[in-house]
Amino acid sequence: MTAQHQTARNQDGVSEAQIAVHWREEDYYPPTAKFIAQANAGDPDILERFSERHFPDCFKEYADLLSWDSYWHTTLDTSDPPFWKWFVGGRLNACYNCVDRHLRTSRNKAAFIWVPEPEAEDTQAITYQELYRRVNEFAALLRDFCGLKAGDRVTFHLPMVPELPVSMLACARLGVIHSEVFGGFSGAACGGRVADSGSHVLVTMDGYYRNGELVDHKVKADEAAATARELGHEVDKVLVWRRHHGQYASQTPMVDGRDFFVDELLPGYRGAVVEPVSMPAEAPLFLMYTSGTTGRPKGCQHSTGGYLAYVTGTSKYYQDIHPEDTYWCAADIGWITGHSYIVYGPLALGATSVMYEGTPTYPDAGRVWRIAERLGVNIFHTAPTTIRMLRKLGPEEPSKYDYRLKHMTTVGEPIEPEVWRWYYDVAGKGEAAIVDTWWQTETGGFLGSTLPALQPMKPGSCGPGVLGVYPVIYDEDGNVVEAGSERAGNICIRNPWPGIFQTIWGQPERFVEIYYEKYCRDRQSKDWHDWPYFAGDGAVQAADGYFRILGRVDDVINVAGHRLGTKELESASLTVEEIAEAAAVPVMDEVRGRAVEMYVALKPGLQPGKELENKVSEAIVREIGKIARPQHVWIVADMPKTRSGKIMRRVIAGISNFTDIGDVSTLANPDIVDHIKHHVQSEKLAHGEVPRELTPEEAAEVKAFGSAD
Ligand code: WTA
């Protein structure tokens, strides 16, 4: 057993992952006959076509949804594991597949219906024809004004505006690799990603609407460029789209020779047509940064052919998108969900998508349902955190609006069965088929889900592996944890699939180490069977084969469906001069799933105070973004530590969550625990933060937190 495995074991020598998990078996919900009759995947024959017997050739079915410039000769090349290559020999252009090829039949169909946050502003329908024009003109600008060519990287820091997909598709047209950073992230976080990807062009916007306010966004571009410079990297050009053409919404000056308004440059490219660059299937399409076990975010590199085929196939069968549907994925394009299931998958299918700029509950809890009613949305896709918020703020709102959904999706974190039932009964009016899709930034598309017409729903479980994806649960020693055993373990995928990321940008060793080393049976083997993909999530499989995902096994805190690395939060806290040590832990939160609490210790001789707590919060918001703002910052005299000096995060996580903190007698400083406990818990109770009883899974999560140390 490796040292890593040993530390994951608790006092009794039982691995956290082996802890028995008990939950009430939920009832099945069958889809309606009406849904089944119209579904893209309505014939059970599809399950046989994608069974392991037909792997990897089954994925030809997905590849054939695309238009190839030259057809591929090898479905899956495993000669350099785990750097799998899909559809080798094929050439295609992603932008051509998402835009040009629809012009012949559907040029006047809306590709996007964009809904600005202010209700007084008009909705904009952007047809495939208009999208084609806008993408071509911006591609010409990127090529001729910025000098970009295939293989270069460009970073975007854009909000939910049509200019974001336009920018993405313009890059894809040129073979330029885009890297979109979620608009809510800070300038500093963006700058780190600019430098890591080696982007010399940053595309941003002056401002956008969020919760009724026109926020200044361009200011973050200046911070990003400054951070990149500190890291030894120069941003040559900042392209600034303007939320209102001709009006500048930011307070920060434009930097001469570096910053340019896109709306001023574009007239120079009016009518330009840029030939789509035919790219090898294996060419990278984009990078998407995500948090992991260590401080440095990982740039997940996704391919052109495999990725596009995978998101197109899963959009067709799991999102059940038909050309006449009005599809609304309410995620942000700044996350992988938006890349795969707002932009690439739906557009490759020629869908009509709703895109919304702002907060789902602005100006009131009926907004989402008003949009659904007005635009005739019939497929709706969102995350548990939004569902919880809509349920909390407007439990009766859906019944007030005349919309009908045939299909709904939940994604990003486990959904509580109670919340699931509200989504089904109230939001979906008891008619919509729900898919609970489990997957990751790294995986490009869905991994676990029910096929909506063929497999019944079960609240709280994502379902079995998706078509052509064969998951397995292993214990710490690599033994299979059998379905129905009621034991949790590490969920892995036994086989490669076309949507899997190709590598971590610039860090191929970490790619192998983080995702494949743990369960690799033979490093020399060229057989994919020896290289299971380690997802980093705990899971249980019921006797019916459905998986229930329990959450991350590493030190990642999932806030409102977004992965925040504990190390990132801690290093942000340490940018405050007075802070000597910091530890981040998750607390259960009714709306966001998990929230962050920070524990910090000060440098010697300093006094605690509200001001310092605020400084830590501000530092986290500055370095990472508002989404990461801690619920509490606790200044403590010392952290509970092991004899080797490691901070015991599970102990403070237990304190924050009012759970049993277990045996602390092996700590170097056991006395500190009572002291911290008293301080934190009495203050919480004084604030009226009454602890609720955690479910066994939640308690197990708290207990396991930090075990990767
Ligand atoms: C969690 C988001 C339970 C999981 C697409 C995963 C989920 C992490 C689900 C990836 C789900 C995602 N049920 N947990 N349906 N979907 N997760 O990279 O812990 O932002 O590892 O990708 O979110 O988050 P990421």
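Order of listing sets the numbers, starting from 1, for every ligand and every atom in it.
Taking the six-membered ring for Trp and the full ring otherwise, the centers of His178 and His339 sit less than 6.0 Å from each other. Taking the ring centroids of Trp335 and Phe185, they lie under the 6.0 Å cut-off. Not less than 6.0 angstrom separates the ring centroid of Tyr519 from the ring centroid of Tyr533.
Residue Thr337 has no nitrogen or oxygen atom sitting less than 3.5 Å from a nitrogen or oxygen atom of ligand 1, judged on distance alone. For a threshold of 3.5 Å applied to N or O pairs, the pair formed by Thr410 and ligand 1 contains no separation below that value. Remark: ligand 1 and Gln440 share an N or O pair separated by less than 3.5 Å (distance only, no angle test).
Ranking protein heavy atoms by distance to atom 2 (C) of ligand 1, first place goes to Trp439 O, 4.0 Å. In this structure, the protein non-hydrogen atom closest to atom 20 (O) of ligand 1 is Thr441 OG1, 3.7 Å. Atom 23 (O) of ligand 1 has Gly412 O, 3.1 Å as its closest protein atom, hydrogens excluded (heavy atom only).
Using a 4.0 Å cut-off to heavy atoms of Asp537, the atoms of ligand 1 that qualify are 4 (C), 6 (C), 19 (O), 21 (O). In summary, the atoms of ligand 1 found under 4.0 Å from a heavy atom of Thr437, numbered by their order in the structure, are 9 (C), 11 (C), 15 (N), 16 (N). Below 4.0 Å from some heavy atom of Asn558 lie the following atoms of ligand 1, by number and element: 1 (C), 23 (O).
Between the side chains of Thr359 and Thr361, no donor N or O sits under 3.5 Å from an acceptor N or O.
Partners of Trp528 according to the ring-ring contact (aromatic ring centres under 6.0 Å, His included) rule, which considers only residues two or more places apart in sequence or in another chain, are Phe55. Applying the side chain to side chain donor-acceptor pair (under 3.5 Å) test to Thr409 and every residue at least two apart in sequence or in another chain returns Gln319.
A salt bridge links Arg421 with Glu418: at least one charged nitrogen is closer than 4.0 Å to a carboxylate oxygen. Using a 4.0 Å cut-off between charged nitrogen and carboxylate oxygen, Glu26 and Arg548 do not count as a salt-bridge pair.
Within the 4.0 Å heavy-atom shell around ligand 1 one finds Pro414.
Within the 4.0 Å heavy-atom criterion, the part of Arg563 lying near ligand 1 is the side chain and not the backbone.
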